[in-house]
Amino acid sequence: MAEQAVDSGADERRVAVPDGGSVSADAGASEPSDGGVAGSDGSEHSVRTVAIAVTAGVFLGGVATGVAFPTLPLLDRVLGISAVMLGVILAANRIARLVMNTPAGQLIDERGARKPMIAGLFVQGLAPFGYVVGLYTPAVDLATLPVVGTVSAPGLVFVLARAFWGVGSAFVFVGAFAIITGITTKETRGKWTGYMRGGQSLGFPAGLVVGGVLTDVFDVQTAFLTAGTLALLAGVVAFVVLPDVRASAGARVPLRELPGLARSTPGVVPVGIANGTIRFLFGGILLTTAVKYAAELELQVGVLTAAGVSGLVMGGGVVVSSISTVVSGRLSDRVEHRALVTLPAFALLAAGFAALALVPSFLGVATGVALVGAGTGGSGPALLATLGDISPTGETGKFGGLYNVFGDIGLSLGPLVAFPAVTTVGYDLTYLACAGLAVGCLLLVNATLLGAETDSDSVPDDEAAGNAATDADTLDPETLDPETYDD
C-alpha cells in the first residue's frame with residue numbers, strides 16, 4: 001500500500017501516490033465529512049472533488065440529452081416515418097432504462113460504482129453518434145407492423161440508439177447515487193445529493209437551448225455530434241477523478257426478490273412511491289399539458305403565443321426547481337428528520353397545481369409552474385438522502401435502481417393519463433386532482449418516513465448504507481486501506 005502523508009493545514013490535504021507524486025484536494029476543515037477518499041490507484045480525493053465530478057457528469061449527460069431532444073421530434077419529416085414510430089423512438093430510452101435500473105443496481109453493489117458509471121457515461125456518449133448513423137442509413141423498409149406502421153432501417157437504428165442511451169443512463173443515475181451515498185455521512189448527504197440533483201435538473205434545459213440553436217444555425221447532425229461529444233467528455237472527467245467507493249457487497253439477490261427486499265426495509269417503498277408521484281405530476285402531467293393549457297387560455301406575452309409562453313414559464317419552473325434542490329438538500333442535513341423537509345415541498349407542489357386550476361391566467365400559470373418546480377426540487381434531495389440513510393450495507397445500488405424504476409413508471413404513466421383526463425374532465429379538475437394526489441403523498445411519506453428515520457437512529461453506523469463513509473475515521477488517509485476501493 002502506498003505510503004501516505006497528510007499536511008496539517010486546515011484547507012488542504014496532500015497525499016502521496018504510488019509514483020511519488022502528490023494530489024492536492026480541499027479538505028473542507030469546517031466540514032469533517034469533506035475528508036479524503038481513496039482512488040483505485042491509492043491516490044486521495046476530497047469528498048468535494050468526487051461529488052463535484054459526479055455532479056458534472058450528470059449535468060453534462062443532461063445537457064447532451066437536451067441538445068438532442070429538440071431535433072428528435074423532427075425525425076418524422078427527416079426520415080419519413082410515421083408518428084407512432086416517432087413515439088417509439090422517443091420512448092425507447094425510457095423503456096430500456098426501466099428494464100435496466102434494477103440490474104444496474106445489482107451490478108453496482110457487486111462490482112462498485114466507478115466502472116459501471118463510467119461505462120454508462122461512455123454508452124450515453126456513443127448513442128448520439130448512432131443518431132448520425134441513422135441519418136445516413138438507406139431508407140429501406142424492413143417490416144410493416146400493426147399500429148406502428150412501416151418500420152424503416154433508419155427508424156430501427158434510431159430506436160436502437162435511443163435504447164442504448166437508456167441503458168447508459170440507468171448506470172449513470174444509480175452509480176451517481178451510490179457514489180454520493182458512499183462518500184458522504186448522514187450529516188452532509190443531503191447537501192451533496194442536492195447538488196447532484198440540481199446539476200441533473202439544470203443540464204436538460206441548458207441542452208434544450210443549445211440544441212435548438214445548433215439545429216437552427218447549423219443542422220441536425222451538428223446537434224447530434226455536440227451531444228455525443230459532451231456526453232463523452234463527462235465520461236473522461238469521471239474516469240480521471242472518480243474513485244471506486246463502495247460498501248461491502250451484500251448477498252446477491254435475484255431480481256424477482258427485490259420487491260420483497262424493498263418491503264422488508266422500512267421507508268424504501270414510500271420513498272419510491274413519492275418519487276414516482278413527483279415524476280408523474282411534473283414530468284408526466286405538467287410537461288405534457290402545459291403548452292395545450294396555454295393555448296386553451298390563449299395566453300400571450302409580447303410576440304410569444306402558447307408555445308413560447310409555455311416554454312418561458314416551464315424554463316422558469318426548472319430554474320426554481322434547481323435552486324430549491326440545492327437549498328432543500330442543505331436544509332435536510334440540519335433538521336432532526338429529513339422527512340420534515342418534504343412537508344413544505346409537497347405542500348408547494350399541491351399549491352402549484354391548485355393555482356393552475358383556480359387562476360386561469362398568465363399570472364396563475366407562471367406562479368403555479370414555479371410552485372410546482374419548487375415542490376419538485378425541494379422533495380428530491382430529502383428523499384434520495386433518506387434512501388441512502390436507510391439502505392442496508394451493500395444494497396445501495398439495488399435500492400437506487402428501484403427508486404429509478406418508480407420514477408420511470410411515473411414518467412411513463414403521466415402522458416397516458418394526462419390527455420384523456422383533460423379531454424374528459426377539463427384542465428381545472430385534472431390539476432385539482434393532481435393537487436389532491438400531492439397532499440395524499442405528503443401524508444403517506446411523512447407518516448411512514450418519520451417512523452423509519454426514528455427507528456434508524458438506533459442502527460449502528462456500519463449497518464447503514466451509504467455508510468462506506470459514515471464515520472470520519474473511514475475517510476482518514478491514515479486509516480483507509482486503498483485496497484478496499486480497488487478498481
Side-chain angles (χ1 to χ4, degrees), residues 40 50-51 53-65 68 92-130 160-183 193 196-197 199-200 203-204 227-228 230-247 249-250 252-253 255 258 275 384 387-388 391 394-409 411 465-466 468 485 487:
S40 59
V50 176
V54 171
T55 301
V58 296
F59 173 78
L60 289 173
V63 172
T65 303
N93 68 318
R94 191 171 295 165
I95 295 170
R97 188 174 65 191
L98 182 61
V99 173
M100 285 303 301
N101 280 323
T102 47
Q106 184 89 276
L107 181 64
I108 285 168
D109 283 339
E110 293 176 358
R111 304 291 180 86
R114 182 178 188 270
K115 285 184 177 180
M117 182 174 176
I118 292 172
L121 288 167
F122 280 112
V123 167
Q124 283 188 343
L126 293 175
F129 294 101
L160 294 175
R162 292 284 289 168
F164 205 55
W165 181 282
V167 171
S169 67
F171 284 96
V172 169
F173 179 85
V174 179
F177 167 69
I179 289 174
I180 292 293
T181 300
I183 65 174
T193 299
M196 185 264 285
R197 293 287 290 177
Q200 191 177 32
F204 182 73
L230 288 172
L232 289 176
L233 177 61
V236 172
V237 170
F239 181 80
V240 172
V241 176
L242 292 184
D244 193 13
V245 179
R246 52 179 150 176
R252 181 173 180 82
V253 179
L255 294 181
L258 285 179
N275 182 47
L384 263 180
L387 184 64
S391 297
E395 312 294 353
T396 308
K398 299 180 187 71
F399 286 172
L402 286 171
Y403 180 89
N404 221 22
V405 166
F406 278 102
D408 284 337
I409 290 174
L411 286 170
Y485 300 99
D487 195 10

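- For the pair R97 and F171, the NZ or CZ position fails the cation-pi test of under 6.0 Å to the six-membered ring centre and within 45 degrees of the ring normal.
- Of all heavy-atom pairs spanning G175 and A113, the tightest one is O-CB, 3.9 Å.
- Interatomic distance, CG of L98 versus CG of N93, reported as 11.0 Å (0.5 Å rounding).
- N275 places a side-chain N or O within donor-acceptor distance of the main-chain N or O of Y403, the cut-off being under 3.5 Å.
- The shortest heavy-atom contact between F173 and R197 is CE1-NH1, 3.1 Å.
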- Task: Evaluate the side-chain contact (heavy atoms from CB on, under 4.5 Å) criterion for residues L387 and F177: first the C-alpha distance (whole Å), next the side-chain angles of each, then the deciding distance (0.1 Å), finally the verdict.
- Result: CA-CA 10 Å; L387 184 64; F177 167 69; 3.7 Å; yes
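- Around CZ of F129, the count of heavy atoms belonging to other residues, nucleotides or ligands within 6.0 Å exceeds 12.
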- Task: Begin with the C-alpha distance, continue with both residues' side-chain angles, and end with the deciding distance and a verdict on side-chain contact (heavy atoms from CB on, under 4.5 Å) for R114 and F239.
- Result: CA-CA 8 Å; R114 182 178 188 270; F239 181 80; 4.0 Å; yes
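- Remark: L107 CG to M100 CE distance equals 8.0 Å, nearest 0.5 Å.
- Here the side chain of T181 pairs no donor or acceptor atom with the backbone of A178 at under 3.5 angstrom.
- Heavy atoms only, all atoms of each residue included: V174 and N101 are closest at CG2-O, 4.2 Å.
- Of all the heavy atoms in V99 and P103, the pair that sits closest is O-CD, 3.3 Å.
- Minimum heavy-atom separation, R162 to A92: CB-CB, 3.7 Å.
- Of all heavy-atom pairs spanning V54 and I179, the tightest one is CG2-CG2, 3.7 Å.
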- Between L126 and F122, is a side-chain contact (heavy atoms from CB on, under 4.5 Å) present by the stated rule, with each step listed? CA-CA 6 Å; L126 293 175; F122 280 112; 5.5 Å; no
